[in-house]
Amino acid sequence: MKEQKQLIKSIQVQSFSMLDTALFLDTHPCDADAMAKYTSTREELAGLINTYEMRFGPLTTSGNYCTDSWQWIESPWPWERQV
Amino acid sequence: MFYYQKALQYPINIKTPNPAAAKIIIAQLGGPDGEAGAAARYLNQRFAMPYKKGIAVLTDVGTEELNHEEMIGSIIYQLTRNLSLEQIKASGFDAYFVDHTTGVYPQSASGEPFTAAAIQSTGDPIADAFEDMAAEQKARLTYDNILRLVDDPDVKDAIRFLRAREVVHFQRFGEMLTDIREHLDSNNYYAINPAFD
């Protein structure tokens with residue numbers, strides 16, 4: 001549970017970093033520093049999401065790696081989670 | 001959380017502008033049974049839903065409604081491209097045009113701005129489930145009415161897809177209601193709110 005919480009926290013941090021970098025790039029599409037930040041964040045986030053979904057279940061409906069049951073419906077949902 | 005995928009759920013490629021059609025199809029953007037209201041209804045009802053299947057259905061249908069909102073916006077956009085002032089006047093699109101030019105604004109076909117007064121989130125999952133099933137039927141019949149009024153095959157193709165989704169959603173909400181009933185206390189004969197009392 002502790003590791004799950006830490007992973008979710010990292011995903012939230014990296015997702016927000018990606019979101020804010022993307023928003024900056026919308027108005028500065030040729031900014032080299034922002035592009036570098038985007039590229040490294042994207043790779044890190046993809047790895048974190050893959051690790052999370054393999055171990056703890058799907059974060060989106062396309063991340064249900066368990067092949068014999070639909071884990072998407074399992075609790076807790078984010079508004080129930082104590083992070 | 002939500003993020004955007006840069007692809008429509010179903011392709012929209014309308015070759016012929018038609019402001020008269022846009023005027024009625026906008027019902028399904030901001031009208032009483034439109035997609036904006038549908039998304040707001042389901043995504044907000046989730047918080048009062050105590051059962052996991054119901055939460056998943058409300059999340060997944062509510063999210064799909066955002067796709068449909070974008071599809072209707074795309075239809076309105078494509079139907080109102082490159083209009084002449086003569087076309088705007090002759091089609092009756094002038095009343096909309098004077099307020100919004102060809103911008104996409106969530107309103108009903110009769111011009112009422114989008115209002116959450118047409119939706120509910122009651123805090124009672126049974127009442128909400130019945131509302132959701134009714135909402136899907138109302139959206140389906142609105143698409144049926146649009147299909148009666150519009151001739152363009154490009155438009156009808158997309159509207160038929162959206163209509164079919166209402167039918168599927170009605171089915172899933174019916175199953176959600178069955179699941180809620182199965183959770184009820186056996187003495188709760190009249191299905192009083194299981195989320196509060």
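Here is how names work: the chains are called A, B, and so on, in the same order as the sequence lines, proteins then strands, and each is numbered from 1.
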* Within one Ile-Leu-Val-Met-Phe-Trp-Tyr cluster: B:L66 and B:I119, side-chain cutoff 4.5 Å -> no
* Asked: Roughly how far, to the nearest 0.5 Å, is the OG1 atom of A:T60 from the CE atom of B:M1?
  -> 11.0 Å
* To do: Under 4.5 Å heavy-atom distance to chain A, tell me which part of B:F47 shows up: side chain, backbone, both or neither.
  => both
* Please tell me if the side chains of A:L19 and B:Y3 come closer than 4.5 Å, counting only heavy atoms from C-beta onward. => no
* Asked: Are there more than 12 heavy atoms of other residues, nucleotides or ligands under 6.0 Å from atom OH of B:Y77?
  -> no
* **OG1 on B:T59 to CH2 on A:W77, rounded to 0.5 Å** => 4.0 Å
* Hydrophobic cluster membership, B:I24 vs B:I14, 4.5 Å side-chain cutoff -> yes
* Hey, could you give me the CD/NZ distance between A:E80 and B:K52, rounded to the nearest 0.5 Å? => 11.5 Å
* Asked: More than 12 non-hydrogen atoms from neighbouring residues, nucleotides or ligands closer than 6.0 Å to OH on B:Y4, yes or no?
  -> yes
* Indicate, with yes or no, if A:W70 and B:F173 share a hydrophobic cluster defined by side-chain heavy-atom contacts under 4.5 Å among Ile, Leu, Val, Met, Phe, Trp and Tyr. => yes
* Asked: Step by step, would you call A:I73 with B:I55 a side chain to side chain contact (heavy atoms under 4.5 Å, CB included)?
  -> CA-CA 7 Å; A:I73 66 174; B:I55 294 175; over 6 Å; no
* Asked: Is the number of heavy atoms from other residues, nucleotides or ligands within 6.0 Å of NZ (B:K53) greater than 12?
  -> no
* Minimum heavy-atom distance between A:W79 and B:R46, given as atom pair plus value -> CZ3-NH1, 3.4 Å
